[in-house]
Amino acid sequence: MKRALTGIKPTGIPHIGNYFGAIKPGLELAENYQAFYFIADYHALNQIKDSKQLKDSSYQVAAAWLACGLDPKKTLIYRQSSVPETFELSTILAAFTPKGLMNRAHAYKAVVAQNEEAGKNTDDGVNMGLFTYPILMAADILLFDADVVPVGKDQKQHLEMAIDIAQTINYTYQKELLKIPEPVIRTETETVIGLDGRKMSKSYNNVIPLFLPAGQLRKHVMRIVTNSQTVEESKDPETCNIFALYKLFASKHEQEALAKMYRDGGMGWGVAKQTLFEKMDIELTPYRNHYDELMSDKAQIDKILDEGSALARSIAVRKMAKLRKALGVG
Ligand code: TRP
């Protein structure tokens, strides 16, 4: 079976966009691949310098994937920080990575551009972890000989850099020391819109967290932005934020029924929102219960992550032994 690998950066509460964009497709992929999914906690450290926040986020992300159906008996789930070989490989990769390649990384360039705009020093707020981020990510991938790497569009460039670095090493030693991974880039249709109609994203403050208690979920749904049409008017489901979210949860039949109510007129936005809320609540309740159960017993999550990490590490140790030999170190 081919190997699929991806990292999940624990930087916030899992939301509906994460579910449809990453978790659901990731779990589907895991049915046909040997999946390696890990919590990229050292990537998050570049951003989060609050120990409790980082730890909590790691649990939340792990619990989210488990609650949504990740089966740790079939899919390897582990912590990046529990596989220290990652950081050893990262050191090796750095020796083959031109500084100019890192200068071109979007995430780094975006901060530089912001600084320039604000009239600040270009290096302001840039730590070396941000600058070398693509090297660490390449190490995550190349350490495990991943065949495919599912990621969002924003990670495409990082993946191309991983491929670039791996090819340089293979070329240098005239041997396939590192497997060249194939990117699987998430499609537009997996992009979920948020409360304000823009892409659902923590940075836009428009997210609906996945595991909200019903009352809070309802409050969020009631905040979805709509136009100011009256109750009587006929409405267009295809341009409506409520309907866009409804489509993600409802069957074709249910979608058609609600679309008809839109077109017929006589239905106000409050009713459409209530319909969406009820549908979401039904779909999400089993996940929420499982999530709450996991989060109330962190030892259970730790046990799963410890076991996954031990297995991942045994694979990583073997890979590093081969690499060290090929490079003439150690
Ligand atoms: N950088 C990725 C993100 O922000 C997370 C990540 C870290 C990752 N290492 C990875 C993704 C390796 C795929 C493969 O989403």
Side-chain angles (χ1 to χ4, degrees), residues 2-15 17-27 29-30 33-48 54 57-58 60-62 64-65 75-87 89-90 93-94 97 102 105-111 127 129-166 178-186 190-192 199-203 207 308-309 312 315-316 319:
K2 290 202 167 185
R3 194 172 283 176
L5 177 144
T6 199
I8 309 135
K9 202 162 66 169
T11 49
I13 301 175
H15 57 71
N18 299 137
Y19 177 71
F20 288 100
I23 302 177
K24 190 164 175 262
L27 294 176
L29 199 71
Y33 286 84
Q34 180 188 32
F36 280 45
Y37 296 160
F38 66 94
I39 314 298
D41 45 2
Y42 268 127
H43 272 112
L45 182 64
N46 294 322
Q47 263 162 276
I48 305 179
L54 184 51
S57 290
S58 298
Q60 286 162 355
V61 164
W65 282 73
T75 296
L76 205 56
I77 179 164
Y78 58 98
R79 297 179 208 90
Q80 180 188 37
S81 59
S82 300
V83 185
E85 287 69 26
T86 307
F87 316 109
L89 180 55
S90 194
L93 301 184
T97 307
M102 297 297 96
H106 296 318
Y108 164 68
K109 268 173 54 178
V111 181
N127 58 52
L130 170 66
F131 187 64
T132 60
Y133 189 102
I135 301 181
L136 182 55
M137 184 161 154
D140 294 328
I141 299 166
L142 302 173
L143 184 59
F144 291 104
D145 295 307
D147 292 291
V148 299
V149 181
V151 286
K153 271 202 314 281
D154 60 327
Q155 299 297 316
K156 186 166 178 267
Q157 191 204 27
H158 290 153
L159 239 107
E160 286 162 357
M161 290 177 164
I163 292 172
D164 201 333
I165 300 167
L178 300 166
K179 175 156 231 158
I180 306 302
E182 188 190 318
V184 176
I185 310 296
R186 224 172 276 155
E190 286 158 348
T191 304
V192 175
K199 179 186 170 195
M200 190 178 286
S201 162
K202 212 176 39 145
S203 44
V207 306
S309 301
I315 298 169
K319 181 76 188 176

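Ligands are counted one by one from 1 in listed order, and the atoms in each one are counted from 1 as well.
Contact annotation for Asp154 and ligand 1: no heavy atom of the residue comes within less than 4.0 Å of the ligand. In Ile8, neither the side chain nor the backbone holds a heavy atom less than 4.0 Å from any atom of ligand 1. Under 4.0 Å from ligand 1, not a single heavy atom of Leu136 appears. Of the heavy atoms in Phe38, only side-chain atoms (C-beta onward) come closer than 4.0 Å to ligand 1.
Every atom of ligand 1 with a heavy atom of Thr6 under 4.0 Å away is listed here by number and element: 11 (C), 13 (C). Near His43, meaning under 4.0 Å from any of its heavy atoms, are these atoms of ligand 1: 7 (C), 9 (N). When each atom of ligand 1 is checked for a heavy atom of Val149 under 4.0 Å away, the hits are 13 (C), 14 (C). Listed by number with element, the atoms of ligand 1 under 4.0 Å from a non-hydrogen atom of Val151 are 11 (C), 13 (C).
The protein atom (non-hydrogen) at minimum distance from atom 5 (C) of ligand 1 is Gly7 O, 3.5 Å. Scanning the protein heavy atoms around atom 10 (C) of ligand 1, the nearest turns out to be Met137 CG, 3.5 Å. Looking only at heavy atoms of the protein, atom 2 (C) of ligand 1 is closest to Gln155 OE1, 3.4 Å. The nearest protein atom to atom 4 (O) of ligand 1, hydrogens excluded, is given as Tyr133 OH, 3.1 Å; this is a heavy-atom distance. Protein heavy atom in closest approach to atom 9 (N) of ligand 1: Asp140 OD2, 2.7 Å.
Put simply, the side chain of Phe36 does not reach to within 4.5 Å of the side chain of Thr75, judged on heavy atoms. Between Ile8 and Trp65, the closest side-chain pair of non-hydrogen atoms falls below 4.5 Å. The closest side-chain heavy-atom distance from Ile163 to Pro183 is below 4.5 Å. Between Asn127 and Asn46, some side-chain heavy-atom pair lies under the 4.5 Å cut-off.
Counting non-hydrogen atoms of other residues, nucleotides and ligands closer than 6.0 Å to NZ of Lys24 gives a total of 12 or fewer. More than 12 heavy atoms of other shown residues, nucleotides or ligands fall within 6.0 angstrom of atom CD1 in Ile180. By the neighbour-count criterion of 12 heavy atoms within 6.0 Å, atom OH of Tyr42 is sparsely surrounded, having that number or fewer from other residues, nucleotides or ligands.
Between Tyr133 and His158, the angle of the ring planes lies from 30° to 60°, which puts this pair in the tilted group.
Checked for salt-bridge contact, Arg3 and Asp145 miss the test: no charged N lies under 4.0 Å from a carboxylate O.
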